[in-house]
Amino acid sequence: MELRLDGKVALVTGGSRGIGLQIARVYAEAGAKLMITSRKAEACEKAAASIDGEVAWAPSNVGKLDDAERVIDATLDRFGALDILVNNAATNPYAGPAIDVDLPRWEKTISVNLTAPMFWTQLAWRRAMKKGGGVVINLSSVGGLATSPILGVYDVTKAALIHLTMQLAAELAPQVRVNAIAPGLIKTDFARVLWDEGRGEKVAKAYPLGRLGETQDIAGAALFLASESGSWITGQTLVLDGGGLVAFKTVA
Ligand SMILES: NC(=O)c1ccc[n+]([C@@H]2O[C@H](COP(=O)([O-])OP(=O)(O)OC[C@H]3O[C@@H](n4cnc5c(N)ncnc54)[C@H](OP(=O)(O)O)[C@@H]3O)[C@@H](O)[C@H]2O)c1
């Protein structure tokens, strides 16, 4: 079966760089029309111009419900449909033991990483997918399946996102499939502190497949899940981590 998205309309949050931009590129190559969004208009415009295909952009802060309404309406106005929603934007404002987090950073992490996927999906369902069907893909993390000395707050949101994926998959079937992707360490700005300045080579050795992830590794899986080839998959979390999680479990 071909991995094609011809005629489909996809909305990618956090589509201006990193994993989101690569997913948008791959979807456009597969024939989809794209709406990309992130907070910075200039970055969205530049990203859209770098993608070959029919691509629109609109700035938004995913944590603001008004922004979600505006971008989803803009997608429907421009393309007349919304078939694929990729909840990709996330934040990690706090590094340290979860027990020491302050309330503003706890609330910001929950708002962007968990509340936003919930309400962007609710709007997509109510305004388009309930009638027209569709696919939702949530960007979780292997952190949602493990613990960490410094990323615990972020990991809690990613674990909850895995559960939200299962819950919404059960509720929205058969019209809408909802799946998650849980990447290991991917070489993007978001995770730069973990792989830059030679740190990446050390971490790569801990991965059975001997390297860190690239955005293309995630985009390929996002294409598979959105396409007809993934049409009997819902409620699942696809771990893409070069085998890191199983190796860790073996050692532990
Ligand atoms: N990189 C990794 O190692 C890794 C591992 C596991 C999971 N993930 C997950 O993969 C996803 C993408 O991460 P990435 O590494 O590609 O990150 P990235 O390179 O930092 O890109 C993040 C994107 O999200 C946008 N964004 C951030 N906060 C936003 C907000 N409040 N509202 C709207 N847009 C916002 C950013 O643009 P603006 O700054 O312009 O808003 C940017 O387009 C995230 O869900 C992340 O948790 C990443």
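Computation of the quantities below employed the complete heavy-atom set of this structure, encompassing side-chain atoms and omitting hydrogens, waters and symmetry-equivalent molecules. Each ligand, and each atom within it, is numbered from 1 in the order the structure gives.
- Checked options Asn88, Val86, Ile72; the residue passing with Leu11 is Ile72 (criterion: side chain to side chain contact (heavy atoms under 4.5 Å, CB included)).
- Among protein heavy atoms, atom 43 (O) of ligand 1 sits closest to Ser16 OG, 2.7 Å.
- Atom 24 (O) of ligand 1 has Gly14 CA, 3.3 Å as its closest protein atom, hydrogens excluded (heavy atom only).
- Nearest-residue assignment for atom 26 (N) of ligand 1 (options Ser111, Ala68, Ala89; heavy-atom criterion): Ala89.
- Distances shorter than 4.0 angstrom occur between a heavy atom of Lys158 and an atom of ligand 1.
- The closest approach between Ala43 and ligand 1 stays at or above 4.0 Å for every heavy atom of the residue.
- Contact check for Phe119 versus Pro117: no side-chain heavy atoms found under the 4.5 Å cut-off.
- A heavy-atom separation below 4.0 Å is found between Gly184 and ligand 1.
- Atoms of ligand 1 lying under 4.0 Å from at least one heavy atom of Ala90, given by number and element, are 27 (C), 28 (N), 44 (C), 45 (O), 46 (C), 47 (O).
- For atom 3 (O) of ligand 1, the closest non-hydrogen atom of the protein is Ile186 N, 2.8 Å.
- Heavy atoms of other residues, nucleotides or ligands lying less than 6.0 angstrom from CD of Glu201 number 12 at most.
- Residue-to-ligand polar distances place Val62 within reach of ligand 1: an N/O pair is separated by less than 3.5 Å.
- Closest to atom 13 (O) of ligand 1 among all protein heavy atoms lies Ile19 CD1, 4.1 Å.
- A salt bridge links Asp102 with Arg105; the closest basic N to acidic carboxylate O contact falls under 4.0 Å.
- Atom 46 (C) of ligand 1 has Tyr154 OH, 3.5 Å as its closest protein atom, hydrogens excluded (heavy atom only).
- When the heavy atoms of Thr215, Thr188, Asn92 are ranked by distance to atom 14 (P) of ligand 1, first place goes to Thr188.
- Heavy-atom proximity to Leu185, at under 4.0 Å, picks out these atoms of ligand 1: 3 (O).
- Residues satisfying the ring pair (Phe, Tyr, Trp, His ring centres under 6.0 Å) test with Phe190, not counting sequence neighbours, are Tyr154.
- Looking only at side-chain heavy atoms (C-beta outward), Val62 and Asp67 stay at 4.5 Å or farther from each other.
- Counting heavy atoms of neighbouring residues, nucleotides and ligands inside a 6.0 Å radius, atom CZ of Arg199 exceeds 12 of them.
- Here the options are Val26, Ile19, Leu21, the test is side chain to side chain contact (heavy atoms under 4.5 Å, CB included), and the partner is Ile23; only Ile19 passes.
- By heavy-atom distance, the residue among Ala191, Pro183, Pro93 lying nearest atom 6 (C) of ligand 1 is Pro183.
- Within the 4.0 Å heavy-atom shell around ligand 1 one finds Ser140.
- Closest to atom 17 (O) of ligand 1 among all protein heavy atoms lies Phe190 CB, 3.1 Å.
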| message | Working note: Ile218 + Gln22, criterion side-chain contact (heavy atoms from CB on, under 4.5 Å); need CA distance, chi angles, decisive distance, verdict. | response | CA-CA 8 Å; Ile218 308 306; Gln22 189 61 29; over 6 Å; no
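- Protein heavy atom at the shortest distance from atom 41 (O) of ligand 1 is Arg39 NE, 2.7 Å.
- Atoms of ligand 1 found under 4.0 Å from any heavy atom of Ser60 (numbered from 1 in listed order, with element): 32 (N), 33 (C).
- The closest side-chain heavy-atom distance from Leu5 to Ser227 is below 4.5 Å.
- Thr109 and Asn92 share no donor-acceptor pair across their side chains, judged by distance under 3.5 Å alone.
- Among protein heavy atoms, the minimum distance from atom 44 (C) of ligand 1 is reached at Asn88 O, 3.1 Å.
- At under 3.5 Å, a nitrogen or oxygen of Lys40, whether backbone or side chain, sits near a nitrogen or oxygen of ligand 1.
- Residues satisfying the side chain to side chain donor-acceptor pair (under 3.5 Å) criterion with Ser60, sequence neighbours excluded, are Thr37.
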| task | Report the C-alpha distance between Leu212 and Ile186 in whole Å, list the side-chain angles of each, state the deciding distance to 0.1 Å, and finish with yes or no for side-chain contact (heavy atoms from CB on, under 4.5 Å). | result | CA-CA 6 Å; Leu212 301 185; Ile186 311 296; over 6 Å; no
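- Per-residue contacts place Asn61 under 4.0 angstrom from the following atoms of ligand 1 (heavy atoms of the residue considered): 30 (C), 31 (N), 32 (N).
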